[in-house]
Every structure is written in C-alpha cells, then in structure tokens.
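Order of appearance sets the numbers: ligands from 1, and atoms from 1 within every ligand. Each residue takes its place number in the sequence, starting with 1.
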Amino acid sequence: MQSIALQITAGALAVLTAGFAWVMYTSGGPLRSEAATHAAYRLRHILFLAALVAGAAIAAATLFPWPHDAHASAITRKIDVKARQWAWELSGQQAAVGDVVEFTLTTSDVSHGFGLYDPDNRLVAQMQVMPGFTNKVRHQFDRPGKYQILCMEYCGLAHHAMVAHIDVAVTGAAASK
Ligand code: CUA
C-alpha cells in the first residue's frame, strides 16, 4: 500500500514538475491576444473545479474505511493482554484461521508497545499500551502458525524479554477466508 502511494505521489510530482518547466520555458514570448487570454482563464477555471471535485471524491472514497475500527462487527474471539515489566500475561493463546481476535490491552506499570508478528516475523498489528488506559486492537488471522507478541516500546532493562506467542490452528469456522 505504501509503495503504491509512493508511486502515485512520484507520478503526480513528475507531472507537476513538467507543468512548471513548460510554463518556465514558454513564458517570456509575445503577449497573447485578449481572446486567447480569456480562453486560458476559462480553462484554468475548469481545471480548478475538476481538481476540486476529484480531490473531494478521492478523499471521500479513501478516508472512510478507517483501519482502527476494522472488523469491529466480526469479532470471534477476545484475548485480554496485561503488560508489565517484563512480560505479557494473556487470557488465551489459541486462535484459529479466520478468527477476528480483539486484544484488550492494559499495563500495570509503564508504557509498553503491543506488536503482533506473523509466522514470517512480519508486523501485522500494533497498539500502544498505556498506564490508565484500556486500548483495543483487532486482527483477523488468515494464516496458521506461531505468531509472536513483542514489546515495541523501550520499557526498561529486560524490554527485549517481553515475548509471548499465539498459536493459530488451521481449523476454524471461517477457514476458507
Ligand atoms: Cu515492554 Cu518494552
């Protein structure tokens, strides 16, 4: 997703740069006629409105599927996670492929960082764990295997030892997904 966004941004910037370069190299010539000037202003007006409409449409289409509430209505399993220096205490360590798990995160001391890694050690979900707050993060498990929970915020001497895991089994209600 990030690489697509980068490519779109780079492409748009290239077009913009070409536009500026074109204006730079074509300006300084003889003055245009009044009719040509009017036509140019009209074109600018149309282009501005088109950009406005396109911008609003793209924002409306891409901003609403906000990831924080993903899967809110599809939770199939809940796991309470209590963080402390320096361990994770989980109310359950089993899940099945297709499960949408809601993790409820609390800490009994300092701030920690909940990081969920898939069997290939790719980060698939993360959330801050803060004193005095109960944070929730949801993840749909789409592959079986051993997932790791690591701490993502330095929280003292044995920060690196805050490791737990969740076993995700093949069998599940929605294993086809
Ligand atoms: Cu807990 Cu770092």
Side-chain angles (χ1 to χ4, degrees), residues 1-14 16-17 54-177:
M1 186 65 189
Q2 276 111 329
S3 63
I4 295 171
L6 180 66
Q7 284 163 19
I8 291 172
T9 305
L13 283 176
L16 203 65
T17 307
I58 290 168
T62 57
L63 283 181
F64 284 107
W66 204 238
H68 295 112
D69 248 355
H71 311 307
S73 57
I75 297 161
T76 55
R77 197 181 293 263
K78 294 187 176 186
I79 297 177
D80 290 332
V81 180
K82 289 177 187 150
R84 65 179 155 80
Q85 289 166 312
W86 289 279
W88 301 104
E89 190 185 308
L90 275 62
S91 66
Q93 286 184 281
Q94 311 290 325
V97 168
D99 262 345
V100 175
V101 178
E102 181 175 79
F103 297 94
T104 302
L105 312 169
T106 53
T107 168
S108 57
D109 40 48
V110 300
S111 281
H112 300 272
F114 174 89
L116 180 67
Y117 288 78
D118 75 5
D120 292 331
N121 291 324
R122 280 181 6 158
L123 183 67
V124 292
Q126 66 110 13
M127 177 63 75
Q128 195 77 14
V129 190
M130 300 182 291
F133 290 86
T134 300
N135 287 343
K136 295 186 176 196
V137 62
R138 303 179 195 104
H139 179 70
Q140 178 161 37
F141 289 90
D142 51 10
R143 296 171 49 200
K146 187 172 174 175
Y147 286 66
Q148 278 197 305
I149 295 167
L150 304 181
C151 187
M152 303 191 72
E153 178 167 338
Y154 183 71
C155 55
L157 268 186
H159 152 76
H160 60 276
M162 286 187 69
V163 182
H165 67 268
I166 291 177
D167 290 312
V168 178
V170 183
T171 51
S176 57
K177 168 90 204 247

Q: Look only at the side chain of Q85 and the backbone of A158, and say whether a donor-acceptor pair between them is shorter than 3.5 Å.
A: no
Q) Are the aromatic rings of F141 and H139 close, with centres under 6.0 Å apart? A) yes
(Q) Has D80 got a side-chain atom pairing as donor or acceptor with S91's backbone, closer than 3.5 angstrom? (A) no
Q: Looking only at N, O or S atoms, find the one in H112 nearest to atom 1 (Cu) of ligand 1 and name it.
A: ND1
(Q) Need the atom name: nearest N/O/S atom of H159 to atom 2 (Cu) of ligand 1. (A) ND1
**Q.** Which N, O or S atom of E153 lies nearest to atom 2 (Cu) of ligand 1, by name
**A.** O
Q. With no hydrogens and no angle check, is any side-chain donor or acceptor of W88 less than 3.5 Å from a backbone partner on V81?
A. no
Q: For H159 and E153, indicate whether the former's side chain and the latter's backbone hold a donor-acceptor pair under 3.5 Å.
A: yes
**Q.** Backbone or side-chain N/O/S of M152 under 2.8 Å of atom 1 (Cu) of ligand 1
**A.** no
Q: Answer yes or no for C155: is there an N/O/S atom below the 2.8 Å cut-off from atom 2 (Cu) of ligand 1?
A: yes
